[in-house]
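Contents: one structure, followed by commentary.
From a predicted model like this one, the values you see are computed outputs, not experimental measurements.
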Amino acid sequence: MSQPQRVGFLLVENFTMISLASAIEPLRMANQLSGKNLYEWVMLTETGQPVRASDGVLVTPDHATHDCGHLDMMLLCGGVGVSNARSRHLRTWLQQLAHRKVKLGAVCTGSFLLADAGVLDGYRCTIHWEYMAAFKEAFPRLDTSNALYCIDRDRLTCSGGTAPIDMMMHLIEKEHSSALSTAICDMFLCERIRDGQEEQKVLLRHLVGPAQPKLAEVVALMEANLEEPITLDELSHYVGLSRRQVERLFQRHVKCSPSRYYLNLRLKRARQLLRQTSMAIIDIATACGFVSMPHFSKCYRECFGVPPRDDRCGRPVPKATEEAMPAMPDLALNARLDTSRSEPTFASVTL
């Protein structure tokens, strides 16, 4: 029997409890539903002393960073005032883990400490939207995304809240099977697993800071005119800037052209309508400013990797991926789910 994957959760003072729980619970449920010890986890603090979460709960760790033993993956749990947790020892320890090829990740604001240690250089990453502007200012060379979570090779970063559930279930599906991740989704009453391309729903001013009111004005105009897009010249005129000035604002602060940003807004709205309504696809295309179905389908596939029709029912798992997944009969999973439903609470399921 293969050894369980050992995951360390490094807690810093004022870490966010919901992000920690959202990351651990999918691992627990994976063990429970599979009937196997797929994962084990340990709580860590830098010194081995208890730390208090932002909700006031005091948590006693299992180990300090220096005596935690072997780890396959380490997730850093941040929260309020994460920059206060910086230390030379923590930077050195994170760099050592990176050198040993340990998977490194973070939830909520924990990405700040990974970036501070230099272990996110060359990786795509994300952080909670409330910290986004400050993070970009502190680490301007990083490839920072507004995604719910980013998995880039052996780095995993997540915006926090309940998004770690999606990130961890994505990992479980990749490492074990889609049947297992779907069963966990059912147990947690999750309607679906959000993918890493979905973005945090946040106003632009939180991403670029309050110092760019003209940029915010342009985006507000775009958001108000999705069905009948207006030209860049019109947008520039309405906010009192030249076309060139608007293009420079977008390139500097959003890292793309105004037209690309506008197109992405319309495509994101289309995806919401596809997944949340029964509107005909052609009506969705029209509502999002596309004049032809072929053009809409082409843009949608380029953005999300699947055509609109496939995305309506959820992206199918490629056959090659299914064949590579370890065998786990659906009947066994269904039996365990049936057993759990007869218990007073699903948390009490014994396999």
For this session: Please check if Y123 and M73 belong to a single hydrophobic cluster, counting links between Ile, Leu, Val, Met, Phe, Trp and Tyr side chain heavy atoms closer than 4.5 Å.
Result: no
Exercise. Side-chain contact, heavy-atom cut-off 4.5 Å: P4 with L38?
Worked result: no
Exercise. Is there a donor-acceptor pair under 3.5 Å between the side chain of S297 and the backbone N or O of P294?
Worked result: no
Exercise. Honestly curious: do Y131 and I18 fall in one hydrophobic cluster under the side-chain, below-4.5 Å linking rule?
Worked result: no
For this session: Could you tell me whether the side chain of T286 and the main chain of I282 form a donor-acceptor pair under 3.5 Å?
Result: yes
Exercise. Are any non-hydrogen side-chain atoms of L221 and E217 less than 4.5 angstrom apart?
Worked result: no
Exercise. Between T144 and C125, is any pair of side-chain heavy atoms under 4.5 Å apart?
Worked result: yes
Problem set entry | Interatomic distance, L180 atom CG to I184 atom CD1 [nearest 0.5 angstrom] | 4.0 Å
For this session: To the nearest 0.5 angstrom, please state how far the CG atom of L11 sits from the OG atom of S19.
Result: 11.5 Å
Problem set entry | Q245 side chain vs S242 backbone, donor-acceptor pair below 3.5 Å | yes
Exercise. Do the side chain of D310 and the main chain of P307 share a donor and acceptor less than 3.5 angstrom apart?
Worked result: no
For this session: Under the salt bridge (Lys or Arg N to Asp or Glu O under 4.0 Å) rule, collect the residues that match up with E227, sequence neighbours excluded.
Result: none
Problem set entry | side chain to side chain contact (heavy atoms under 4.5 Å, CB included) assessment of L44 paired with W93 | CA-CA 12 Å; L44 312 173; W93 183 69; 4.0 Å; yes
Problem set entry | Donor-acceptor under 3.5 Å (S159 side chain, N146 main chain) | no
Exercise. Checking salt bridge (Lys or Arg N to Asp or Glu O under 4.0 Å) for the pair D311/R271: CA distance, chi angles, key distance, verdict?
Worked result: CA-CA 8 Å; D311 209 11; R271 194 177 216 195; 2.7 Å; yes
Problem set entry | P61 vs Q49 side-chain heavy atoms within contact, under 4.5 Å | no
For this session: To the nearest 0.5 Å, tell me how far F296 CZ sits from R266 CZ.
Result: 10.0 Å
Problem set entry | R141, CZ: over 12 other non-hydrogen atoms inside 6.0 angstrom | no
For this session: List the steps, then state whether side chain to side chain contact (heavy atoms under 4.5 Å, CB included) holds for F9 with V42.
Result: CA-CA 6 Å; F9 290 90; V42 290; over 6 Å; no
Exercise. Just wondering, do N14 and R52 contact through their side chains at under 4.5 Å, heavy atoms?
Worked result: no
Exercise. Between L10 and V80, is there a shared hydrophobic cluster once you connect ILVMFWY residues whose side-chain heavy atoms come closer than 4.5 Å?
Worked result: no
For this session: Check whether any side-chain heavy atom of I165 sits under 4.5 Å from a side-chain heavy atom of E25, and report yes or no.
Result: no
Problem set entry | Nearest-0.5 Å distance, NE2 of residue H89 to OG1 of residue T65 | 3.5 Å
For this session: Report yes if some heavy atom in the side chain of F290 is under 4.5 Å from a heavy atom in the side chain of C299; otherwise report no.
Result: yes
Problem set entry | F250 with L232, same ILVMFWY side-chain cluster at under 4.5 Å | yes
For this session: Could you list the residues that satisfy salt bridge (Lys or Arg N to Asp or Glu O under 4.0 Å) with R155, not counting sequence neighbours?
Result: none
For this session: Compare all side-chain heavy atoms of E247 with those of P258 and state whether any distance is below 4.5 angstrom.
Result: yes
Exercise. How many angstroms lie between atom CG of L235 and atom NZ of K214, to the nearest 0.5 angstrom?
Worked result: 12.5 Å
Taking only distance into account, with no hydrogens and no angle test, what donor-acceptor pairs under 3.5 Å do side-chain atoms of residues 102-118 form with protein atoms, sequence neighbours excluded?
{"from": "K103", "atom 1": "NZ", "to": "E175", "atom 2": "OE2", "distance (Å)": "3.0"}
{"from": "T109", "atom 1": "OG1", "to": "G79", "atom 2": "N", "distance (Å)": "2.8"}
{"from": "T109", "atom 1": "OG1", "to": "G79", "atom 2": "O", "distance (Å)": "2.8"}
{"from": "S111", "atom 1": "OG", "to": "T126", "atom 2": "O", "distance (Å)": "2.7"}
{"from": "D116", "atom 1": "OD2", "to": "R91", "atom 2": "NE", "distance (Å)": "2.7"}
{"from": "D116", "atom 1": "OD2", "to": "R91", "atom 2": "NH2", "distance (Å)": "3.3"}

For this session: Identify whether L215 and Y261 are in the same connected component of the hydrophobic contact network (ILVMFWY, side-chain heavy atoms under 4.5 Å).
Result: yes
Exercise. Side chains of Q95 and T92: donor-acceptor distance under 3.5 Å anywhere?
Worked result: no
Exercise. So how far is it from C288 SG to L226 CG, rounded to the nearest 0.5 Å?
Worked result: 6.5 Å
For this session: Please list all pairs passing the salt bridge (Lys or Arg N to Asp or Glu O under 4.0 Å) test where one or both residues lie in residues 295-306, with sequence neighbours left out.
Result: K298-E302
Exercise. Would one find more than 12 heavy atoms of other residues, nucleotides or ligands at under 6.0 Å from atom CZ of R269?
Worked result: no
Problem set entry | Residues that D233 engages under salt bridge (Lys or Arg N to Asp or Glu O under 4.0 Å), provided they are two or more places apart | R243
For this session: If a pair satisfies ring pair (Phe, Tyr, Trp, His ring centres under 6.0 Å) and one of its residues is in residues 35-82, list it, with sequence neighbours excluded.
Result: Y39-H176
